[in-house]
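In what follows, every chain begins at residue 1, and chains take the letters A, B, ... in the order their sequences are listed. On a predicted model such as this, the values are computed, not experimentally measured, just so you know.
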Protein chains: 2
Amino acid sequence: MSNRVTIIDVAAKAGVAISSVSSALNNRPGVSEDTRRRIVAAAKELGFVPSLRGRSLSAKRAFTVGLVVHRDPYVLESDPFFGSFIGGIETVLDPRGYALILQMGSEPVETLDRYRTLAANRRVDGVFISDLGVDDPRVPLVLELGLPAVGVNADPGFPLTAVRQSHVEGIRELVEHLVGLGHTRFAHVTGPHEFIHAGQRLRAWSDALEDAGLPVGEIVEGDFTYDGGVAAANGLLAGRATRDRPTAVMCSNDLSAIGFLGRAGELGLRAPDDLSVAGFDGIELGTYVRPTLTTVATNPRLLGVEAARLLLETIERIDGMAVADVDIEPARLVVRTSTGPAPRPR
Amino acid sequence: MSNRVTIIDVAAKAGVAISSVSSALNNRPGVSEDTRRRIVAAAKELGFVPSLRGRSLSAKRAFTVGLVVHRDPYVLESDPFFGSFIGGIETVLDPRGYALILQMGSEPVETLDRYRTLAANRRVDGVFISDLGVDDPRVPLVLELGLPAVGVNADPGFPLTAVRQSHVEGIRELVEHLVGLGHTRFAHVTGPHEFIHAGQRLRAWSDALEDAGLPVGEIVEGDFTYDGGVAAANGLLAGRATRDRPTAVMCSNDLSAIGFLGRAGELGLRAPDDLSVAGFDGIELGTYVRPTLTTVATNPRLLGVEAARLLLETIERIDGMAVADVDIEPARLVVRTSTGPAPRPR
DNA sequence: AATTGCTACCGAAACGTTTCGGTTAAAGTA
DNA sequence: TACTTTAACCGAAACGTTTCGGTAGCAATT
């Protein structure tokens, strides 16, 4: 209601030109220490906060970055990734005067349109691209739009700056863990094949098993949901003789592993005695369910922190040079109680 | 890179003044149908999109609203509310040219600061206030700041516009359901007492039982987490004689109910035979766990839709009049398999 | 004493809209 | 014909910054 105090008010109060106020408050040279102090005092006294709108127009920047998530509502609901990822982003954005615009598109096309509008009216200075798909259309789009962007967990050769957390070490550790426990019959429940990280996890799993000289075993496609884990358990376990069942199963994420375990229990198969099951993600829920879930724990918060850092760097880059990728520490195996020695053949 | 096309370019192309372009494109009167068509054609041909920044400065509006969530990371992680709530908000915001700024504060004080900064540099035109606490400090803050705001599931007498989904019908239905099954020993696991909705649910539960002429039974404080449910089960079930245990338990949310059920199972108590357990929320996970979870299903998406509608109405209100509250259809009982007939005393 | 160089400061333009008062020309009235 | 009304259109101000070119004043140089 009371009209906002502007730079003009500060200039009047300090008895200087508005350009001097601007210079003083932004630590630009060309203003004496004396008047700088006077200006700062006046600004403080008046409670001056520079208008983002004025600054935006002048600087040709929105001081805002965007995240468009495109997921099934349910997957999003129960996915711990975004909460922490966004939390991490925030810790970087906030002190630097940026804010995050979040949009959701259920359909991929819809998502693309969101990016387009975001770019068209310059609502954001840059965007995050998470949940990368194979041949993700958002990549050529942001390139065409000239919109600064950072990819999350991109494959090598990604044409934009990317932040990554390697899956391979942790999954290799998991395989070694299972092999060490004497398992020989493996299975892998993937995520939807259109996401590149589903493929990355499968590949790490297969490679590690091959390197160990063991058969890769069965591979069934899941969908990252609890129900997908249930379905996979039905396919891999139900109505099979003991000797035909895998004894060590990795699910592509924790939620589906928990679903898998639940269904296995109903079928009379208890982990870790009858079979071993591991997930991927490291969600908190995995520490509460029984058996507690062996998993490969990622760090979405740190991923968010680094992604935000990279994006701001890309945006504020004066020259057109690309910003170097960042790899955070790899995801690591966390052994809990859902994995154990391979059952003795009787 | 190619410089953005502005209203000036459109005016030049159409051979009119920029004010005419503005009038034409915003459907203001004072421009003939003929030139309007010419202007629209020119704008389209040039691919003109009005600059949000220019518009913002001129209109003294950010065309942005804010949501600041303040929750434990873990609660947020596994809480299905925000995904759907935000999804609902988006469907309203997007067609009206608004966007959502999401911020997270883990500490309550931090959250307050976020609101303050958001308001100070006028980054948003209004905010949502969700997860209302008792004597929530955000309420006096936004009132003091003159920041348009909408509260979610506020108690009666709330000084701001609010959107609500009543709990009482659904919880009453739940009580009737349990009473009809012959239960007589009840217990309730609350949410953290600092949230008003935890109190609202408890009150509805107690009132319904009282109205049925039955003892309210034990009440233990939970925290909305899986682990909180586990702890509550320990307190209510472990080491007790059958006749001292409650046979019907409502947990204040689904996640803690699932934790409760998990721990009960470990203690050798199976739902629905040995006891009945119900939750509140209606999360998808409840349909997958065994037994499937009886619950009172809310509609966070619709809540988001209506909250956004109300907020935009409040913002665009010319007169200072308050916008009327909205009540969406009450949360309803969904009976699944975690509740059943009271166990026969032997 | 005249010239140069530098610092501190100022004024105005630019960013891209919307809005408001004013001007023109056509149409209507006496 | 002379006057008023009205619609269509225009120009400029306003929104609140930053930036850039310019000027005044002073010390240093010749």
Tell me whether the OP1 or OP2 atom of [N] has a side-chain N or O from [X] closer than 4.0 Å.
X	N	result
B:Ser20	D:dC10	yes
B:Ser19	D:dA12	no
A:Ser32	C:dT7	no
A:Arg28	D:dT19	yes
A:Ser58	C:dC15	no

Name the closest nucleotide to the [X] side chain, picking from [options].
X	options	value
A:Lys60	D:dT17, C:dT17, C:dG16	C:dG16
B:Ala17	D:dC9, D:dC10, D:dT18	D:dC10
A:Leu57	C:dT19, C:dC15, C:dT18	C:dC15

By nearest-nucleotide position on DNA chain D, the 5'-leaning member of B:Gly54 and B:Pro29 is B:Pro29

With DNA chain D as reference, determine whether A:Arg53 or B:Val31 sits nearer its 5' end, using the nearest nucleotide of each. B:Val31

Could A:Glu33 and A:Arg38 be called an ion pair, given the rule that one side-chain N must be under 4.0 Å from one carboxylate O? no

State whether B:Glu90 and A:Arg114 are salt-bridged, where the test is any N-O pair (Lys NZ or Arg NE/NH1/NH2 against Asp/Glu carboxylate O) under 4.0 Å. yes

Parallel under 30°, tilted from 30 to 60°, perpendicular over 60°: which one fits the rings of B:Phe82 and B:Phe85? perpendicular

Checking all strands, does [X] fall into the base, sugar-phosphate, or nothing category for heavy-atom contacts under 4.0 angstrom?
X	answer
B:Val49	sugar-phosphate
A:Ser56	nothing
A:Thr35	sugar-phosphate
A:Ser51	sugar-phosphate

Value in whole Å for how far the [atom2] atom of [N] lies from [atom1] of [X]:
X	N	atom1	atom2	value
A:Phe63	D:dG16	CZ	C1'	13 Å
B:Asn121	D:dG16	CG	P	14 Å
B:Asp34	D:dA8	CG	P	11 Å
B:Leu52	D:dG16	CG	P	17 Å
B:Asp125	D:dC15	CG	P	18 Å
A:Glu33	C:dA8	CD	C1'	13 Å
B:Ile7	C:dT18	CD1	C1'	8 Å
B:Arg36	D:dA8	CZ	P	9 Å

Given side chain to side chain contact (heavy atoms under 4.5 Å, CB included), test A:Leu312 with A:Leu93 step by step and report yes or no. CA-CA 8 Å; A:Leu312 293 193; A:Leu93 254 39; 4.2 Å; yes

Can a side-chain donor-acceptor contact be found between A:Ser19 and A:Ser22 if the only test is distance below 3.5 angstrom? no

Rounded at 0.5 Å granularity, tell me how far CG in B:Leu100 sits from CD in A:Gln103. 8.5 Å

Residue met sooner reading DNA chain C from 5', once B:Ile8 and A:Val16 are mapped to nucleotides: A:Val16

